[in-house]
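Everything on this sheet refers to the single structure shown next.
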2 protein chains.
Amino acid sequence: MARNRAKMTFLENNTSRKATFRKRKEGLMKKASELSILCGVAVAVIIEGEYSSVPEVFPREDVGSVIDKWDKLSQADKDKKMVNHEKYLKQRIEKAKEKLNKVNKENREMEMKELMFDCLRNKTAPCFLGPNELRDLGVFIDQYIKILSRRIETLTNNQGSSSTSVVPAAAGTTSVAMPTAAMGSSSTGFNNMIEENMNEIPNVKDFDLNRCSEE
Amino acid sequence: MARNRAKMTFLENNTSRKATFRKRKEGLMKKASELSILCGVAVAVIIEGEYSSVPEVFPREDVGSVIDKWDKLSQADKDKKMVNHEKYLKQRIEKAKEKLNKVNKENREMEMKELMFDCLRNKTAPCFLGPNELRDLGVFIDQYIKILSRRIETLTNNQGSSSTSVVPAAAGTTSVAMPTAAMGSSSTGFNNMIEENMNEIPNVKDFDLNRCSEE
DNA sequence: CTGTCTATCTTTAGCAG
DNA sequence: CCTGCTAAAGATAGACA
């Protein structure tokens, strides 16, 4: 996993597999050692090598004591803890998918936001938008206005004399059915609010899909 | 091990120790998983947590099969493989020390080389050198000249008409007792040779001592 | 094969919500 | 307690000696 990102599959090439085995075994042992030292816990690592007839074993007084404790557990406890590799990987895939969905959602939101502010700047919606996109944009703007309204309400009610410059009470909770049209004639107060928010248009986040395929 | 380098000791702070434990446990499991996949070997990791009553266990069909194989080994094989943590760390320290010595040696050599070429440039030895340093420098230059002579011999004997421009046969194998004096009146041939070598004066290498203290 | 180098990729300590 | 972020340290694949 350097120079060029390798995909996470069995290494067919004999030479490189063995080289990788040696290197990564060292790395794993080191990590185990560090975890053991930093957190004061016993750690045992057993690697059943195709390269060494005898399993490679890591640290801690003797591996036996750690193993013994494992052996003495009830079967129920073992079942609970003994995640096999496939389950482990499935768990990781699930987590990765969740993250992917979340980031995709965030991306969509941000694109919407950018689009919305573009509309405001040009006083019209981009001509490349289809009916579906326009509807989605409308829904998004509705929600956005609601959020802004709620915030305005909170701020005016709780701390009317706050130093934070907030637009008094324009563009209330009215839902905008056809937003692009509505925005073309928005009030001055609303425009001020827009100005303030212009600065915080975030960039579309990136999400590395390879991280999913790797796990 | 980010932002600021932490020393490798038990984490006294309860909160950060637990946080580190969780993070590093995940990391260790991931590494184990990867090693298992890439090299097609069975790997078992058992972590006896102070945070979980039951040991944390990693992958591979069932950990039991890996453990069983370990259990079935002869005591002799076990002793051979069952390096305890202290031994493991001592081994690493040994290796680190060897590396340190090696790098120190290289550094000294390179400093000598630089010094030598400084002498040649200025046609005299730096005034800050004590008798011992001068003697060491003399010894070094002796050796250097010998190496050069040997190379010249090889090249002139084996490929006298080679395209490689090499000084014919100056500054033979004569040992220089007081090198700085001798060099002040060196032959033109030798000076040419020096010119050629000027380009390859290497920088003094660095060696991170922290890497030793950490292990 | 065993060790060394280094450009890249991955892990993680310390913070901020 | 947990989650997410990020700068910095660590790990390592591929090439080479």
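Chain letters run A, B, ... following the sequence lines, proteins first and then strands; every chain starts at 1.
- For R108(A), the side-chain contact (heavy atoms from CB on, under 4.5 Å) criterion is met by N104(A), K105(A), not counting sequence neighbours.
- Whole-Å rounding puts the M8(A) CE to dT10(C) C1' distance at 11 Å.
- Comparing the end axes of the helix from dT2(C)-dA17(D) to dG17(C)-dC2(D), each fitted to five base pairs by superposing C1' atoms of four pairs onto the next four, gives an inter-axis angle of 30° (nearest 10 degrees).
- Taking only distance into account, the side chain of K23(A) never meets the base of dG3(C) through a donor-acceptor pair shorter than 3.5 Å.
- If you find the closest nucleotide of DNA chain C to R24(B) and to K102(B), the one lying nearer the 5' end belongs to K102(B).
- For dC2(D), one of the phosphate oxygens OP1 or OP2 lies less than 4.0 angstrom from a side-chain nitrogen or oxygen of R22(B).
- K95(B) comes within 4.0 angstrom of nothing in the nucleic acid, heavy atoms only.
- With sequence neighbours excluded, the residues forming a side-chain contact (heavy atoms from CB on, under 4.5 Å) with L11(A) are R17(A), T20(A), L38(B), listed by chain and number.
- Across the interface with DNA chain C, nearest-nucleotide mapping of K31(A) and S16(B) shows K31(A) to be the residue nearer the 5′ end.
- As a whole-Å value, the separation of L11(A) CG from dT12(D) P is 13 Å.
- Look at K30(B) and you won't find any side-chain N or O under 4.0 angstrom from OP1 or OP2 of dT10(C).
- Look at NZ on K7(A): it is 18 Å from C1' on dC9(C), rounded to the nearest Å.
- Nearest approach of E26(B) to Y88(A), heavy atoms of both residues: O-OH, 4.4 Å.
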